[in-house]
Each structure stands twice: as C-alpha cells, then as structure tokens.
Amino acid sequence: MDLHILALETSSSLCGVALLSACEGQLQVRSMGHDATGEHAERLLPMVDALLEEAGIVRTQLNAIAFGQGPGGFTGLRVACGVAQGIAYALSLPIIPVPSLLAVAEQDQPGDAVRVVLQDARMNELYAAAYRPAPTGEPAWQAVREAVLLNVQDAAAWLAQLMRELHHEPAMVSSSAGADGFSGHIRLLGDALAAYPVLAALGDAGAASPRSIRWGNVQRATAEGVVRLAYGAWMRGEFIPPDQAAPLYVRDKVAYTVAERERGLGGNPRAQAPVVIEPMQAADLQASAAIEASVQAFPWTLGNFRDALEAGYGAWVARQGERVVGFSLVLFAPDIAHLLLIAVSPDAQRKGVGYALLRHCEQETLRRDLPALMLEVRPSNEQAVAFYRNRGFVHTGTRKGYYPTGKGEREDAWVMERPLKAPDERES
C-alpha cells in the first residue's frame, strides 16, 4: 500500500511544505519553500496544492499530516498547526507533530555527535535543545535536553553544564558512541550565531583536541526535515487526532499586559534562570510535597517525604533560581535502582526539567554500579508513558491492581525498565 505524508513547517521565516511518498518500498521526498516574514498564511495552502499536483496525487490519497510544532515564531506556529488541523479534519486524517528544533538536528550531516540546536528567539534570547543519535532499532533521536528558552548571556553556562553531564555520563546500552558513552563531539546548529555573533566563542573550530564543539551549517528547520521525522513516527504508530494538535511554546508570554506595565514592568519578560539539580534538603520538603500534591490524585504526604529523606533514599530537587520546580526520589536496592517518584510543577512542565531529573537519576544509578533503573506508571497516563519511552524505558511487566482510582477500584501498573549496562558488563 502506498503511503503519503504531507508536512508543513513555518516556525521561522522559512515557509515550507514537503511530501514523503513510500511506494513499492521506495521513498521519495518532494518539497517547496519560500523565505519571507509575514507571508506564511497566504502562501502555505497554494504551495500544498502545487506540490500535490507536481507529485500527481490528490489530497484524498494522503495518509497523515505532519507539522513543525516549534518552538519558534508565535504566528508561524499557529499557522502550521491550524492548517494541519484543517486538512486533517477535512480528510479524517491523523496528525504527527514534530519538534522544529529536532528537525534542525535531523537535517545535519551523519555522525555520532550530540546536536545542540540554538535558535534565535529574538529579544536577546534563544531556544536551546540537545539531541543524540539513537542506536539501531530505536527512534532516530533521543532528547538529551528538551527545548528551553535562554538569555543569550546564559548560553555558555547552559552548554558548559551539558558538557559536564555528558562527559561524566557512563556508557549506556542505548548510547551510540560505543564503550566511551559520549564521543566528546558536539555540533552547534541553528541560526542563533547569525543573530548573535557573540556566540561564536562557543565553538572551538581551531582546536586540535578530538573532543570538540563545532558550529555546523544547518540554521533553520525545513519541511523536509519534519517529514522525514514524521515518517519514523508513523512507522512507530506515533500520531494523534487533530483536536490534540498544538504548537510547542516554551516562552510563556511575549509582552507585559497594560496592567503589568502600570505596576512598573516594561519591555519584554526575560527568560528564566537555568535549572540546576541539587540534593534534596529538609528545607525542600514542603515545596516537594506541594508539587507532588499538584500533579497526583493520591500524593505522598509531607511525612512520607520526610521519612524517605531520613531513610537515605536518593533525593534531588530541580531548582530554578531560589524556587524548587521539580524533584525525584530513588530507592537504590542491591541489584537495581527503583525510581519511586518524579514530578515537575505544572507551570514548569515541557521545559526539560523532567528530562534533567531523570538523567540525573540514571547517572546516580550508574555511579552505584547498578545495571538498570525501573519504575511503575499508570498505563492510562499516556503522557508519562511516552516520556519514559522516549528516554529508553521498555515495558517489562504489569502489577495487577497496584494503583487506587478513588472509585472503589484499582488500576494496574506498568513496570518499565531502562538497562544502563550492556549484558556483558553485568555480574554473572
């Protein structure tokens, strides 16, 4: 059966459409694009029609609609999402959202380097994310850092922290870099260098060291990059109904309201401070319990948190400035690490905090020479299941009636596990 996926990408000044066709085992990608600010809405649909005509197919032959969900320009993101939803509703098709920064990484040359994407967000700010190639048999990319908004002057500190974590990350089964885990190479992509020349200092193009940071040539996401990622998602069954499609925003607001200006606020809101993972202290218990209560129907109590800390469980908080925005708790058994709790404050979600906490738990597990990290999750919590799968966890078992539901019934728990050591590294 032939497959046709249409992709739209308008997160930057580039307005592009692409069509991936899989016919008789052969893949073909066609694309069209236009580079101009403020013309996306009027140009997108005519380009779709022209591309389909060029390919010799009609809209009813499409199988799915993909779109670059951002982050990026607010208007552009709404255009791509809205047009994708409109076509999908009209044709009863599923939608495949693709992070635009990941599309930038996808467009880079092959290699095992970690791709750091730095995209101009204007107002002396940038969007930043990091991705690593995944081993064969897994999705093509793994998120090392999900997209966040940074002040330009914070980019060096953000990158330095990322480098420290990567260089101290022991080899994992899912690493594509072989026995050394991280190859030591980072490629910087995105248009932030063109917008902020001060960022040139982040690269060391003249360095002779085999461990290096290099600026690449890929600057902005294209529809072709989006459609190639969408094809992989389609093959894995990762698509959603049109009503669930939404742009990926990491900037909470772009300007102060009139009322806020009357209180003395002016200009544009600044990007928030980077998130730092620190050991949980007694002073953090109240904030951690409050986050737990805000995201769980049956939360741990303050006393439960205090008991866990006193018992010596692995406990960490994600701190942004002076504020605790997330936490994690791990029980380190003799043969495996058990992630008991991980949570992020609702207003700090989808900004990479959860990934940072989980990555830290993995590093602490390996530091104790344990082979794997396991956890339980409600199978009905599709967002959490997708989060863990993206990080390399697999479903290994089911605990019947593990979770209360509040209706006199119980819900099963999925046991998920991420191996962190190759089998020949484990004790026999």
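Values reported hereafter were calculated over all heavy atoms of this structure, with side chains retained and with hydrogens, waters and symmetry mates removed. On a predicted model such as this, the values are computed, not experimentally measured, just so you know.
Glu53 CD: 12 or fewer foreign heavy atoms inside a 6.0 Å radius. No more than 12 heavy atoms of other residues, nucleotides or ligands shown are found within 6.0 angstrom of CD on Gln286. By the 6.0 Å contact criterion, CG on Asn217 is open, its count of non-hydrogen atoms from other residues, nucleotides or ligands being 12 or less.
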Quick one: do Asp284 and Arg319 satisfy salt bridge (Lys or Arg N to Asp or Glu O under 4.0 Å)? Show the steps, please. CA-CA 10 Å; Asp284 302 320; Arg319 199 181 306 278; 3.2 Å; yes

Could you go through Arg30 and Gln28, starting from their C-alpha distance and side-chain angles, then the distance that decides it, and tell me whether this counts as side chain to side chain contact (heavy atoms under 4.5 Å, CB included)? CA-CA 7 Å; Arg30 297 177 174 88; Gln28 182 176 8; 3.3 Å; yes

Begin from the C-alpha positions of Leu93 and Asn63 and carry the test side chain to side chain contact (heavy atoms under 4.5 Å, CB included) through to its verdict. CA-CA 6 Å; Leu93 297 177; Asn63 299 91; 5.5 Å; no

Intermediate values then yes/no, side chain to side chain contact (heavy atoms under 4.5 Å, CB included), Val415 and His395: CA-CA 6 Å; Val415 178; His395 179 200; 5.5 Å; no

Checking side chain to side chain donor-acceptor pair (under 3.5 Å) for the pair Glu382/Ser380: CA distance, chi angles, key distance, verdict? CA-CA 6 Å; Glu382 296 179 357; Ser380 61; over 6 Å; no

Audit row: Leu102, Val226, side chain to side chain contact (heavy atoms under 4.5 Å, CB included) steps and yes/no: CA-CA 8 Å; Leu102 180 56; Val226 170; over 6 Å; no

For Arg220 and Ser13, run side chain to side chain donor-acceptor pair (under 3.5 Å): C-alpha distance rounded to whole Å, both residues' side-chain angles, the deciding distance at 0.1 Å, then the answer. CA-CA 9 Å; Arg220 290 173 290 180; Ser13 64; 2.4 Å; yes

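Atoms CZ and OH, from Arg391 and Tyr355 in turn, are 8.0 Å apart once rounded to the nearest 0.5 Å. One distance of note links CG of Leu340 with CH2 of Trp300; it measures 5.0 Å at 0.5 Å rounding. Annotation: the span from Gln363 atom CD to Leu166 atom CG amounts to 8.5 Å, rounded to 0.5 Å. Rounding to the nearest 0.5 Å gives a distance of 4.5 Å between SG of Cys15 and CG of Leu44. Arg187 CZ to Asp112 CG: the interatomic distance, rounded to the nearest 0.5 Å, is 11.0 Å.
Side chain of Gln61 to main chain of Val58: a donor-acceptor pair is present (N/O by atom type, distance under 3.5 Å, no hydrogens or angles). The backbone N or O of Arg410 lies less than 3.5 Å from no partner atom in the side chain of Tyr403, so there is not a single donor-acceptor pair. A donor-acceptor distance shorter than 3.5 angstrom exists from the side chain of Asp412 to the backbone of Gly401, with no hydrogens or angles considered. A donor-acceptor pair under 3.5 Å links the side-chain atoms of Ser12 to the main chain of Leu14, judged by distance alone. Between the side chain of Gln107 and the backbone N or O of Thr222, at least one donor-acceptor pair lies under 3.5 Å. Not one N or O on the side chain of Asn151 forms a donor-acceptor pair closer than 3.5 Å with the backbone of Gln153. A distance-only check finds no donor-acceptor pair linking the side chain of Gln119 to the backbone of Gly190 [under 3.5 Å]. Side-chain atoms of Thr10 come within 3.5 Å of backbone N or O of Gly76 as a donor-acceptor pair. Counting only distance, with no hydrogens or angles, the side chain of Ser100 and the backbone of Gly70 share a donor-acceptor pair below 3.5 Å.
In this structure, Leu101 and Ala129 approach most closely via the heavy-atom pair CD1-CB, 3.8 Å. Of all heavy-atom pairs spanning Pro133 and Ala113, the tightest one is CD-O, 3.4 Å. The minimum heavy-atom distance between Pro279 and Val317, with the atom names listed, is O-CG2, 4.3 Å. Here the closest heavy-atom approach between residue Leu77 and residue Leu248 is recorded as CD1-O, 3.8 Å. Counting all heavy atoms, side chain and backbone alike, Ala343 lies closest to Val295 at CB-CG2, 3.8 Å. Between Ala233 and Ile96, the closest heavy-atom pair is CB-CG2, 3.7 Å.
When each of Leu329, Val330, Leu375 is checked for a side-chain contact (heavy atoms from CB on, under 4.5 Å) with Leu341, only Leu329 meets the rule.
In this structure the side chain of Leu199 reaches within 4.5 angstrom of the side chain of Leu126, judged on heavy atoms. Taking the side chain as every heavy atom from C-beta outward, Glu54 and Met32 approach each other to under 4.5 Å. Between Leu189 and Leu118 the shortest side-chain heavy-atom distance does not fall below 4.5 Å. Looking at His40 and His34, their side chains never come closer than 4.5 Å, going by heavy atoms from C-beta outward. The closest side-chain heavy-atom distance from Val394 to Arg389 is not below 4.5 Å. At least one side-chain heavy atom of Trp316 sits less than 4.5 Å from a side-chain heavy atom of Glu364. At least one side-chain heavy atom of Leu52 sits under 4.5 Å from a side-chain heavy atom of Ile57. Trp158 places a side-chain heavy atom less than 4.5 Å from the side chain of Arg145.
Between Asp347 and Arg323, at least one side-chain nitrogen of the basic residue sits less than 4.0 Å from a carboxylate oxygen of the acidic one, meeting the salt-bridge criterion. The residues Glu362 and Arg359 are annotated as not salt-bridged, no charged nitrogen and carboxylate oxygen being separated by less than 4.0 angstrom.
Side-chain rings of Phe393 and Phe387 stay apart, their centers remaining 6.0 Å or farther from each other. Taking the six-membered ring where the residue is Trp, the centroids of Phe239 and Trp234 are separated by under 6.0 Å.
A cation-pi arrangement is absent between Arg399 and Trp414, since the terminal nitrogen or guanidinium carbon is not both under 6.0 Å from the aromatic centre and inside a 45° cone about the axis.
Using bins of under 30°, 30° to 60° and over 60° for the plane-to-plane angle, the ring pair Phe74/Tyr249 lands in the parallel bin.
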